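Keep in mind that the numbers below use all heavy atoms, side chains included, and drop hydrogens, waters and symmetry copies. These figures come from a predicted structure and were not determined experimentally. Nothing fancy with the numbering, it's 1 onward along the sequence.
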Amino acid sequence: MTLATTLSTMHQRCQEIWQQLETADSAVQAQLLDELWANQADQEETVDAIVELMLQIDAQIQGHQQQIDYYVQTHEGAIAQLKQQRDRITASIDRQYQCGVIPQRLVGTQHRISVRFNPASVDATQVDATTLPDRFRRSKTEYVVNKKALLAAYKANEPLPSGVRVFQRRKIEFGPISHLVDLAFQSPS
């Protein structure tokens, strides 16, 4: 039986004891109260064990994530240096070709270096598309869902378009007891 299953079983047993307390006579109530307090202590230990386990798992996840971040940073730096070195060599060969120092094709015993021209491409970043003739431009319209407006309409009790669904996800939180909040919290039965 897992810790969560044990916790659920204990909670159900507490509910049964409370129901029996409501209808029991005073002689049986003392025995039921003793059983209730024992169950409560077991439940508290189980809760603490579950939270300790979750905290250990979170710490391990964080440790692994830090290792990944370190390796990514280290390798990204090495890759960036190698790319810079490659770009410098390529730029040097291109400069030498433009100056006429080397021919368009160099051949070694196992490898070759060729200077080729890529297919033509257009740089139109400095041109206002509205000034171009229609044959040199195209229009593009993109519609995007405005989730903030939909959520505001939902909060204002306005009808939403069909197909729109508003939902809330549940979040299970683990952590230390906050006496101001947790002691006043009563879980729904």
Worksheet entry | Check against side-chain contact (heavy atoms from CB on, under 4.5 Å), Q66 and Y70 | CA-CA 6 Å; Q66 287 175 348; Y70 171 77; over 6 Å; no
Worksheet item: D128 and T131: which non-hydrogen atoms are nearest, and at how many Å?
Response: O-OG1, 2.6 Å
Worksheet entry | Closest approach of L160 to L150 (non-hydrogen atoms, all atoms of both residues) | CD2-O, 3.6 Å
Worksheet entry | Path from L151 to V145 over hydrophobic side-chain contacts below 4.5 Å | yes
Worksheet item: Q73 and Y71: side-chain contact (heavy atoms from CB on, under 4.5 Å), yes or no, with the steps?
Response: CA-CA 5 Å; Q73 182 181 11; Y71 289 129; over 6 Å; no
Fill in: Donor-acceptor contact below 3.5 Å, side chain Q104 vs main chain V115
yes
Discussion item. Can you see whether D58 engages Q62 through a side-chain donor-acceptor pair at a distance of less than 3.5 angstrom?
Written reply: no
Worksheet item: With distance as the sole test, does N146 use its side chain to make a donor-acceptor pair with the main-chain N or O of A149 at under 3.5 Å?
Response: yes
Fill in: Side-chain donor-acceptor contact under 3.5 Å, Q65 with D69
yes
Practice prompt. Report yes or no: do R112 and S114 form a side-chain donor-acceptor pair below 3.5 Å?
Written response: yes
Practice prompt. Please examine the side chains of T90 and D94, heavy atoms only from C-beta on, and report whether any two atoms are closer than 4.5 Å.
Written response: no
Practice prompt. Might you work through the side-chain contact (heavy atoms from CB on, under 4.5 Å) test for V101 and R95, ending with a clear yes or no?
Written response: CA-CA 9 Å; V101 176; R95 246 187 340 271; over 6 Å; no
